[in-house]
Amino acid sequence: MQLILDRLAQLADKMQGALVIDSYRVFHGRGRCFPGLEFVTVDFFQPVILITLFAEPPESWVEQLIAQAQPLFNPGHTVLVVQRRYLPQAPSEILWGELPESIYARRRDSRFNLHLAQQQNAGYFLDMEPGRLWLEQHASNRRVLNLFAYTCAFSVVAIAAGAEKVVNVDMSSAALNLGRANHQLNGLAKSHSEFVAENILKSWSRVKKPGPYDLVIIDPPSYQKGSFIAAKDYAKVIRRLPELMPQGGLVLACLNAPELSEGFLKQQFDEQCPQAEFIERLQAHADFPDIDPEQQLKLLIYKIPTA
């Protein structure tokens with residue numbers, strides 16, 4: 001517990017020295033690098049401190065942490081939320097402070113709408129930052145296809161970095177509506193983005209129509225019953241890449257499934273798109289240490305040659 005308290009003390013110091021702080025992971029226990037704390041993560045989305053519990057903590061653990069952490073902060077400037085992911089519907093509880101009507105993930109000059117204390121996922125994934133940094137460097141003047149776009153954070157980053165256009169595809173209209181709101185929040189021109197609410201695996205003609213593309217992002221859920229199961233469905237996406245980008249281009253292939261290795265994803269490319277050239281695996285974010293790199297988020301870069 002002391003390690004988490006130390007990290008929270010560092011956060012309190014940052015808050016005294018800066019008006020605006022980028023969102024970040026304060027503590028990552030899930031990577032099993034800190035024995036006895038595998039069940040907990042702590043994130044900061046100013047002004048909210050979000051403690052997420054993935055298993056039932058030891059008796060009185062939360063109460064003791066809160067009692068020692070609260071004096072570090074001004075309750076008028078911070079809100080503490082505890083989410084219990086190990087319980088059905090992942091309920092959240094506000095333990096101090098008042099939740100603002102609007103809460104954002106902050107990334108330099110960009111903001112992203114969050115729905116903290118309402119749903120299991122907040123709407124923005126901090127561990128995806130290496131992918132966003134890579135996209136910033138490669139999006140300029142490109143036509144981007146953002147598959148499994150969710151709330152379209154990749155799209156906001158790409159357009160801000162000079163992408164010609166981004167087509168966001170997701171089966172959830174509600175998620176895409178949040179994506180539209182994220183574009184509006186950041187003052188991005190409507191002409192640079194398109195939103196397609198379709199089941200990707202059943203609507204390839206609709207996905208292909210706004211193309212061709214020269215950069216494709218694949219960021220699917222690892223397991224979503226009835227829509228996408230990475231172990232069997234990722235191959236169906238990879239085999240479509242040549243027709244989506246006949247003039248060639250770059251692919252950011254994401255895999256957030258601890259049970260599936262980097263080797264699994266490479267095998268899918270070898271079998272389904274053998275002409276694709278593996279470029280690199282992006283290094284995981286330093287805020288997300290893991291005792292086993294194969295358990296971490298996999299972000300692989302491929303180059304597709306001209307057909």
(Q) Check the orientation of His285 and Phe288. Use parallel for under 30°, tilted for 30 to 60°, and perpendicular for over 60°. (A) perpendicular
Answer yes when [X] and [Y] have at least one side-chain N-carboxylate O distance shorter than 4.0 Å, and no when they do not.
X      : Y      : value
Arg281 : Glu262 : yes
Glu194 : Lys165 : yes
Glu277 : Lys303 : no
Glu129 : Arg107 : yes
Glu136 : Arg108 : yes

Give a yes or no on whether [X] and [Y] share a hydrophobic cluster (residues Ile, Leu, Val, Met, Phe, Trp, Tyr; joining criterion: side-chain heavy atoms under 4.5 Å apart).
X      : Y     : answer
Phe125 : Phe44 : no
Ile66  : Val26 : yes
Leu87  : Val62 : yes
Leu53  : Leu50 : no

Determine whether a donor-acceptor pair (N or O, by modelled atom type, separation under 3.5 Å) exists between the side chain of [X] and the backbone of [Y].
X      : Y      : value
Asn186 : Arg111 : yes
Asp290 : Cys33  : no
Lys266 : Leu300 : no
His192 : Leu188 : no
Arg142 : His138 : yes
Glu294 : Asp292 : no
Lys298 : Gln296 : yes
His115 : Asn121 : yes
Asp170 : Ser172 : yes

**Q.** Phe154 vs Trp134, ring pair (Phe, Tyr, Trp, His ring centres under 6.0 Å): CA-CA, chis, key distance, verdict
**A.** CA-CA 10 Å; Phe154 272 131; Trp134 177 88; 8.9 Å; no
With a 4.5 Å heavy-atom cut-off, do [X] and [Y] have their side chains touching?
X      : Y      : answer
Val81  : Leu95  : no
Asp287 : Leu126 : no
Val207 : Leu147 : yes
Tyr213 : Leu250 : no

Could you tell me whether the side chains of [X] and [Y] share a donor-acceptor contact shorter than 3.5 Å?
X      : Y      : value
Ser155 : Asn168 : yes
Asp6   : Gln2   : yes
His28  : Arg25  : yes
Tyr86  : Arg84  : yes

(Q) Phe264 vs Tyr234, test: ring pair (Phe, Tyr, Trp, His ring centres under 6.0 Å). Steps then yes/no. (A) CA-CA 10 Å; Phe264 161 81; Tyr234 214 123; 7.0 Å; no
Q: Might you work through the ring pair (Phe, Tyr, Trp, His ring centres under 6.0 Å) test for Phe278 and Tyr302, ending with a clear yes or no?
A: CA-CA 5 Å; Phe278 173 70; Tyr302 277 85; 5.4 Å; yes
Report the distance from atom [atom1] of [X] to atom [atom2] of [Y], rounding to the nearest 0.5 Å.
X      : Y      : atom1 : atom2 : result
Ile94  : Leu80  : CD1   : CG    : 9.5 Å
Asn182 : Asn113 : CG    : CG    : 5.0 Å
Asn146 : Asp219 : CG    : CG    : 7.5 Å
Gln46  : Leu19  : CD    : CG    : 8.5 Å
Leu11  : Thr78  : CG    : OG1   : 8.5 Å
Leu297 : Asp127 : CG    : CG    : 5.0 Å

Q.
Would Tyr24 and Asp43 count as a side-chain contact (heavy atoms from CB on, under 4.5 Å) here? Give the steps.
A. CA-CA 6 Å; Tyr24 76 104; Asp43 296 315; over 6 Å; no
Q: For Cys273 and Ile304, run side-chain contact (heavy atoms from CB on, under 4.5 Å): C-alpha distance rounded to whole Å, both residues' side-chain angles, the deciding distance at 0.1 Å, then the answer.
A: CA-CA 9 Å; Cys273 188; Ile304 307 295; 3.8 Å; yes
Q.
With side-chain contact (heavy atoms from CB on, under 4.5 Å) as the criterion, how do Arg132 and Leu135 come out once you've worked through the C-alpha distance, each side chain's angles and the decisive distance to 0.1 Å?
A. CA-CA 5 Å; Arg132 290 187 285 265; Leu135 183 61; 5.5 Å; no
So for atom [atom1], which belongs to [X], do other residues, nucleotides or ligands contribute more than 12 heavy atoms lying within a distance under 6.0 Å?
X      : atom1 : value
Glu59  : CD    : no
Glu271 : CD    : yes
Gln247 : CD    : no

Q: Determine the minimum heavy-atom distance between Val79 and Glu98, stating which atoms define it.
A: CG2-O, 3.2 Å
Q: Compare every heavy atom of Lys236 with every heavy atom of Trp204, then report the nearest pair and how far apart it is.
A: CZ2-O, 3.8 Å
Q: Tell me, with the steps shown, if Phe45 and Tyr124 meet ring pair (Phe, Tyr, Trp, His ring centres under 6.0 Å).
A: CA-CA 10 Å; Phe45 299 102; Tyr124 184 85; 7.1 Å; no
Q: Check the pair Gln64 / Gln68 against side-chain hydrogen bond (donor to acceptor under 3.5 Å, both in side chains), numbers first and verdict last.
A: CA-CA 6 Å; Gln64 293 176 34; Gln68 296 181 64; 5.0 Å; no
